[in-house]
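What you see is a predicted model, and the numbers here were worked out from it, not measured in a lab. So that the names make sense, note that chain A is the first sequence line, chain B the second, and so on, each numbered from 1.
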Number of protein chains: 2
Amino acid sequence: MAELDPSESIGRTLYSEIKHLMLRALSEGEWKAGDVIPSERRLCDRFGVSIGTLRKAVDELVAENILIRHQGRGTFVATHNREQQFFRFFNIVRHNGHKTYPDLYLLGFSKRPAGKMAGEKLQIASTAEVFRFVNVLSLQGEPTVVDEITVPETLFPGLTECELRERSNTLYHLYQVTYGLNVIRTEERLRAGLATEPQAALLNVAPGAPLLHIYRVAFTYNDLPVEWRVSYINTQNYEYFSTNGQ
Amino acid sequence: MAELDPSESIGRTLYSEIKHLMLRALSEGEWKAGDVIPSERRLCDRFGVSIGTLRKAVDELVAENILIRHQGRGTFVATHNREQQFFRFFNIVRHNGHKTYPDLYLLGFSKRPAGKMAGEKLQIASTAEVFRFVNVLSLQGEPTVVDEITVPETLFPGLTECELRERSNTLYHLYQVTYGLNVIRTEERLRAGLATEPQAALLNVAPGAPLLHIYRVAFTYNDLPVEWRVSYINTQNYEYFSTNGQ
DNA sequence: CCCAATTTGTTCGTATGTATA
DNA sequence: TTATACATACGAACAAATTGG
C-alpha cells in the first residue's frame with residue numbers, strides 16, 4: 001500500500017484517508033474541472049482498498065458537490081456551469097421565488113494593495129497585491145446588485161479586465177478552468193445598511209434607501225480563501241433565499 | 001415482507017422505502033423526541049432488509065439531523081436542546097463571529113384569524129385561528145431581534161402564554177415535546193428595511209435605522225409548515241451568518 | 001436496432017473494531 | 001467481564017444506464 005505511508009495520514013479512518021488522497025489529486029490538478037476520474041475499480045486498485053471503502057470516500061465528495069457520479073458514464077469533477085451550479089452560490093430570487101440569471105456590467109478593474117479588511121479575509125498581508133473589480137447585476141432589466149470583488153494576485157496571475165468582460169460562463173467557472181481554483185464553499189454574513197450616493201445611483205434608488213449587505217469569503221480545497229466579495233442589494237423586488245436542513 | 005406493500009411505495013429504491021417507513025414512525029409518534037429507536041439488527045428484522053440497506057436509510061436521516069447515532073449506545077431521535085441544535089436555526093452572531101444565547105422577553109400573545117400572509121405561509125385558510133406572539137431577544141444585554149411568531153391553533157391546541165413564558169428550553173424544544181412537532185427544516189428570505197417607530201423603540205435605535213428582515217417558514221415531516229416568523233434585526237453589532245457547501 | 005463492454009447503483013452479507021452500559 | 005450497539009472494511013451478485021460497435 002505505497003499510497004498510504006503514515007506521513008499522509010489525515011483522517012482517522014481508511015475511507016477518510018482515501019478521501020484526502022482524492023482531494024489532493026483534485027487540488028494538485030491531476031483531475032481537472034469536467035474530467036472523468038478513474039473508475040471505481042481502478043481507484044480500488046490504486047489505493048489498495050475495497051469497493052465499499054472507496055465508495056464511502058466518493059460518497060462524501062459527492063455530498064460536498066465536488067464530484068458528480070453518472071451511472072453508466074463515470075464520476076466527474078463538478079464544474080461551475082450556469083445550468084447546474086450557478087444558483088448554489090447565487091441566492092437572490094424574486095419575491096415570488098422565481099430565479100433568473102443576472103445581466104452583468106463590469107464597472108471597474110484595478111490592481112492595488114489588499115488593505116486591512118481584504119487582507120484579513122483573504123489571509124494575505126495587507127500590502128499584498130490584489131485585483132479588485134465591481135459588477136452591477138441586473139435582474140429582468142432592473143439593476144439590483146452591486147458586487148465589489150477582491151482576489152489575490154498570487155492566485156490569479158495575469159488576470160485581465162478583458163477576461164472578466166468576455167467570459168461566456170460564470171465567474172467561478174473562470175476561476176476554475178483558467179486558474180485551477182475550484183470554489184467549493186462560501187461563508188456569508190448579512191447586514192442591513194443604507195444606500196450611499198454612488199450606490200443609490202447605480203441601483204436606481206434614493207440615497208438612504210435600505211440595502212442588504214452581503215460579506216462573502218469563497219474557499220477552495222484546504223479552506224484556502226480565493227475571493228472576498230461585498231454585495232449591496234436592493235431588496236425591493238428581490239430577496240436573499242436560504243434553506244436550513246435537508 | 002408485509003411492511004412493504006405497494007401502496008406504501010414512495011421512493012424508487014428499497015432503502016428510500018425504509019427511510020419513509022422510518023419517517024412515518026417518527027411523524028406518527030411511535031418514536032418520540034429523545035427516544036432510542038430499535039437497534040439496527042431489530043430494524044433489519046422488522047423491515048426485512050439487510051444491514052447495509054438499513055444503514056443507508058438511517059445514514060440519510062442522520063444527515064438531515066433527524067436521527068443521531070451514538071456508537072455503543074444506540075440511535076436516537078434528535079432533540080431541540082440548547083447545546084446541540086440551537087445554533088442550527090439561530091444564525092445571528094456578533095460581528096467577530098461569537099455565538100451567544102439570547103435573553104428573551106415575551107411581548108404579547110393573542111389568538112386571532114391567520115390573515116392572508118400567515119395563511120399562505122402556513123398553508124391554512126386566512127380565516128383559520130392562529131396563535132401569535134412577539135419575542136424581543138437581547139444579546140449580551142442589547143435588544144437586537146424582534147420575532148413575530150405565528151403558529152396554527154390546530155397544530156398547537158391550547159397553547160398558552162404561560163407555556164411560552166415559563167419554558168426552560170428552546171421554543172422548538174417546546175414544539176417538539178409538548179406538541180409532537182419536530183422542526184426539521186426552515187426556509188428563510190432576507191431583506192433590508194427601515195425601523196418603524198415601535199421597532200425603533202424596542203431595539204433602541206433611531207426610527208428609519210436599517211434593519212435586517214427575515215421571513216421564515218419552519219417545517220416538520222412531510223413538508224408540513226408549523227410556524228411563520230418575521231424577524232427584525234439590528235445589525236449594528238450582530239449579523240446573519242450563513243455557510244454554503246460542506 | 002441490437003449486442004457487448006464498461007461504469008455506477010443497489011442489495012445482500014460477513015468479519016472485525018470500538019464504544020457503552 | 002460480558003453483552004449490546006454502532007463503525008469500519010471487506011467483497012459478491014445483480015440491476016440500470018451509457019457507450020461504441
Side-chain angles (χ1 to χ4, degrees), chain A residues 1-4 6 8-22 25-26 31 34-79 84, chain B residues 1-4 6 8-22 25-26 31 34-79 84:
Chain A
M1 241 180 270
E3 289 271 4
L4 290 178
E8 304 293 351
S9 206
I10 300 178
R12 219 181 82 274
T13 59
L14 184 51
Y15 73 84
S16 68
E17 301 291 345
I18 304 307
K19 180 184 171 186
H20 280 100
L21 290 174
M22 295 183 71
L26 288 161
W31 303 329
D35 280 1
V36 64
I37 71 172
S39 72
E40 295 179 343
R41 178 73 179 76
R42 280 173 210 283
L43 290 173
C44 289
D45 291 347
R46 166 166 169 178
F47 296 126
V49 298
S50 73
I51 179 70
T53 301
L54 188 279
R55 279 188 68 87
K56 190 152 180 175
V58 175
D59 280 346
E60 294 198 355
L61 294 170
V62 168
E64 292 168 23
N65 291 295
I66 293 171
L67 296 179
I68 298 179
R69 285 202 270 231
H70 290 291
Q71 188 174 355
R73 292 211 285 144
T75 303
F76 299 78
V77 182
T79 55
Q84 295 161 34
Chain B
M1 242 181 270
E3 289 272 4
L4 288 178
E8 303 294 349
S9 206
I10 301 178
R12 219 181 81 276
T13 61
L14 184 51
Y15 72 84
S16 68
E17 300 290 346
I18 305 305
K19 180 184 172 187
H20 280 100
L21 289 175
M22 295 182 71
L26 288 161
W31 303 329
D35 280 1
V36 64
I37 71 171
S39 72
E40 294 179 342
R41 178 74 178 74
R42 281 173 209 282
L43 289 173
C44 289
D45 291 347
R46 166 165 169 177
F47 297 125
V49 298
S50 74
I51 179 69
T53 301
L54 189 278
R55 278 188 69 86
K56 193 154 178 175
V58 174
D59 280 347
E60 295 198 353
L61 294 171
V62 169
E64 292 168 23
N65 291 295
I66 293 171
L67 297 179
I68 300 181
R69 283 200 271 231
H70 290 290
Q71 188 174 355
R73 291 211 284 142
T75 304
F76 299 79
V77 182
T79 56
Q84 297 161 33

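- Put simply, CZ on A:Arg12 is 11 Å from C1' on C:dA19, counting in whole angstrom units.
- Taking the side chain of A:Tyr15 as heavy atoms from C-beta on, and the options C:dT11, D:dC10, D:dT8, the nearest nucleotide is D:dT8.
- Looking only at side-chain heavy atoms (C-beta outward), B:Ile68 and B:Gln84 come within less than 4.5 Å of each other.
- In this entry the distance linking CG of B:Leu14 with P of D:dA15 reads 15 Å, nearest Å.
- A donor N or O paired with an acceptor N or O is not found under 3.5 Å between the base of C:dT8 and the side-chain atoms of A:Glu40.
- At whole-Å resolution of the value, CZ in B:Arg73 and C1' in D:dT4 are 13 Å apart.
- A pairwise comparison of heavy atoms in B:Arg46 and B:Ala25 identifies NH2-CB, 4.3 Å as the closest pair.
- Taking the side chain as every heavy atom from C-beta outward, A:Ile37 and A:Met22 approach each other to under 4.5 Å.
- Of all nucleotides listed (C:dT14, C:dA19, C:dT10), C:dA19 comes nearest to the side chain of B:Gln71.
- For residues 67-79 of chain A, every residue pair satisfying the salt bridge (Lys or Arg N to Asp or Glu O under 4.0 Å) rule, not counting sequence neighbours, is listed here: A:Glu40-A:Arg69, A:Asp59-A:Arg69.
- Distances shorter than 4.0 Å separate none of the side-chain N or O atoms of B:Thr13 from OP1 or OP2 on C:dG9.
- Comparing B:Gly74 and A:Gly72 by the nucleotide of DNA chain D that holds the closest heavy atom to each, the one mapping nearer the 5' end is B:Gly74.
- For the segment residues 55-67 of chain B, the set of residues with a heavy atom within less than 4.0 Å of an atom of DNA chain C comprises B:Lys56, in numerical order.
- Relative to the side chain of B:Ile51, the nucleotides C:dT14, D:dT19, D:dA7 differ in distance, and C:dT14 lies closest.
- Counting to the nearest Å, the P atom of D:dT4 and the CD1 atom of B:Ile37 are 18 Å from each other.
- Within the structure, a side-chain polar atom (N or O) of B:Thr53 is placed less than 4.0 Å from OP1 or OP2 of C:dC12.
- Across all strands, B:Gly52 comes closer than 4.0 Å to no nucleic acid atom at all (heavy-atom distances).
- The nearest whole Å value for the distance from the CG atom in A:Leu54 to the C1' atom in D:dT8 is 15 Å.
- The heavy-atom pair separating A:Arg12 from A:Ser16 by the smallest distance is N-OG, 3.4 Å.
- Set against D:dT19, C:dG9, D:dA9, the side chain of A:Arg69 has C:dG9 as its closest nucleotide.
- Going from atom CD1 of A:Ile18 over to atom P of D:dC10 covers 8 Å, rounded to whole Å.
- Residues B:Ile66 and B:Leu26 approach most closely at CG2-CD1, 3.6 Å, considering heavy atoms.
- The CZ-C1' distance, from B:Phe76 to C:dA21, rounds to 11 Å in whole Å.
- When every heavy atom of B:Gly34 is checked against every heavy atom of B:Thr79, the shortest pair comes out as N-CG2, 3.1 Å.
- A:Arg41 has its CZ atom 17 Å from the P atom of C:dG9, to the nearest Å.
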